[in-house]
K.L.:
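Once you've had a glance at the structure underneath, I'll fire off some questions.
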Amino acid sequence: MRARLLALVLGLCPAGQALAEVYQKPEAFVAEVFGTVPAPRVLWLSREVQAGAAAILGHPPPNLRQRYWSDGAKSVWILEEIGKEELITAGFVISQGHIDHVRVLAYRESRGQEVRDPSFLKQFAGAGLDKGDHLDRGIDGISGATLSVHAMERMARLALYFDRRSRD
Amino acid sequence: MPFRLRLVRTLRRWHARIGFAALIFFVLIAVTGLALNHGAALGLDSRQVHSKWLARWYDIRQEQPPQAYRTASHLLVAANGRWLLDGSAVGEKMPHPLGLVEIGDLIVVGGESSLHVYRADGALVDRLDGYVLPRVPLKAIGAGEGELVVQTPAGPFSSADVLSWRPGAPKVVAWSRPTLLAASDREAYAQRLAPGISLQRVLLDLHSGRFLGRLGPLFFDLVAIFLTILALSGAWMFLAPRLRR
């Protein structure tokens, strides 16, 4: 207890242990969007797409192919990105090059769960990419959840970028 | 010699001695503290230190790989949550493998609840788990007629693209089976598959003294007391003459 208190005072360890909170299973999110789960499609990440994704993420994408679901009008992308230390899983629905809606499906950080609040997520609705592959609107931050907000923005940009590349 | 002068000389002598002795701890605490303060940016938690002696020091059980999985042109050896695919490490905290299969240009490593798909050069193509698998736990993986086949409690499922699944299996399936490793190979692979310890944990333990074991924090408490004495004696030597003036 003494050591933990000391570490807390020194700011050397997080205030709590990371807990995985799964709010919705990815397949349930996909089924909610399409009514049923369509067969998954794949976007193969060519060198060019990898470079574009790396520029958005700030690190190389983890996989060389990305699964997604589409009915032609809408596409769904389930993405994962580290907030501070743990992965955030989020589902993005893209329609005609703009975000239809976003949901945080799993959150594993000990702080910053506010990014799953609808009041925060609705800021992404209608957002698209500008010429520099940045969101064409500002997203208001959340005090104490800065890194998670940034991770959500990166994933939103990546979902829009992947959607555009899947239509090329 | 006046008492005050003797006191100042003694204090100055001991201040210098303690200061010199504490040099290594000053540097250790400052460097590790600086690194830990920027741990997230430096990715300390995701960086692993692999060393047999460090694993022994931390009393982490080290296993030797008893077996390997082979295809016509690829080899997988696993131990301590790490995989060597064709001699290259391909990740940390990996599950125990069930088998290794080649499907066209892809290499698939199966675990109980996941499939890892690699390119021939070892680059990760995809990781399938949970909802993208037909059923879990997987019992075995194999190949037949160019398709990947997984055996599950609900029967076999096949996939030509390692993405979408159909129930059933081709008539002939070559299930991946492990082959035993020679004792000399086991030792050689054990060296390369030493358990990983996060760099953040090592630095935190160095910073707090826990790296030295149960008595380490007490020893560092002692160092902290000496550093406090050092700071107070230094302050006193600096301020006393000025206050007297």
Side-chain angles (χ1 to χ4, degrees), chain A residues 1-14 18 20 22 24-31 37-45 47 50 58-69 76 78 80 82-87 89 91 105-106 108-109 111-112 146-148 150-151, chain B residues 29-30 32-47 90-91 93 105-107 115-134 159-166 198 200-201 203-210 214 216-218 220-221 224:
Chain A
M1 184 62 199
R2 190 174 56 89
R4 187 170 172 73
L5 195 63
L6 181 64
L8 264 175
V9 169
L10 294 173
L12 296 177
C13 75
V22 178
Q24 188 175 22
K25 290 189 171 179
E27 62 268 38
F29 179 71
V30 175
V37 181
R41 301 184 187 190
V42 209
L43 172 68
W44 281 92
L45 308 193
R47 280 180 192 278
Q50 285 178 54
H59 59 79
N63 300 346
L64 293 180
R65 75 178 191 185
Q66 176 65 48
R67 275 184 305 277
Y68 69 101
W69 294 261
V76 171
I78 309 286
E80 291 188 321
I82 289 178
K84 186 174 184 216
E85 290 171 343
E86 303 291 336
L87 285 170
T89 306
L105 305 179
R108 302 167 182 87
E109 302 276 10
R111 284 179 285 188
T146 307
L147 295 176
S148 296
H150 289 168
Chain B
I29 292 169
T32 53
L34 202 62
L36 287 166
N37 224 15
H38 301 278
L42 295 171
L44 296 182
D45 201 35
S46 57
R47 292 189 192 192
V90 289
K93 298 175 185 171
D105 297 336
L106 301 176
I107 308 163
L115 293 172
H116 286 73
V117 186
Y118 295 95
R119 220 165 46 182
D121 63 2
L124 181 67
V125 171
D126 203 355
R127 180 174 59 88
L128 291 81
D129 53 17
Y131 65 102
V132 282
L133 291 176
S159 174
D161 55 3
V162 198
L163 185 69
S164 46
W165 302 89
R166 66 171 180 83
S198 92
Q200 173 143 320
R201 181 178 169 188
L203 288 176
L204 196 54
D205 288 349
L206 281 170
H207 191 81
S208 65
R210 277 191 289 273
R214 199 164 48 87
L218 289 177
F220 267 54
D221 286 349

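In what follows, every chain begins at residue 1, and chains take the letters A, B, ... in the order their sequences are listed.
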K.L.:
Is it true that, when you exclude D121(B) itself, more than 12 heavy atoms of the residues, nucleotides or ligands shown sit nearer than 6.0 Å to its CG?
P.N.:
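Yes, CG of D121(B) has more than 12 neighbouring heavy atoms, counting only those of other groups under 6.0 Å.
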K.L.:
Are side-chain heavy atoms of V30(A) and Y131(B) found at a separation under 4.5 Å?
P.N.:
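No. Closest side-chain heavy atoms not under 4.5 Å.
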K.L.:
Could you tell me which portion of R119(B) (side chain, backbone, both or neither) has an atom closer than 4.5 angstrom to a non-hydrogen atom of chain A?
P.N.:
side chain
K.L.:
Can you tell me how far the CZ atom of R67(A) sits from the CG atom of L163(B), to the nearest 0.5 Å?
P.N.:
7.0 Å
K.L.:
If we define contacts as heavy-atom pairs under 4.5 Å, which of I82(A), L45(A), N63(A) has the most with chain B?
P.N.:
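Option with the greatest count: N63(A).
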K.L.:
Test L64(A) against every option in V125(B), D126(B), V117(B), L124(B) by the side chain to side chain contact (heavy atoms under 4.5 Å, CB included) rule and name the one that passes.
P.N.:
V125(B)
K.L.:
If you tally heavy-atom pairs under 4.5 Å against chain B, which of A39(A), A28(A), P26(A), P61(A) wins?
P.N.:
P26(A)
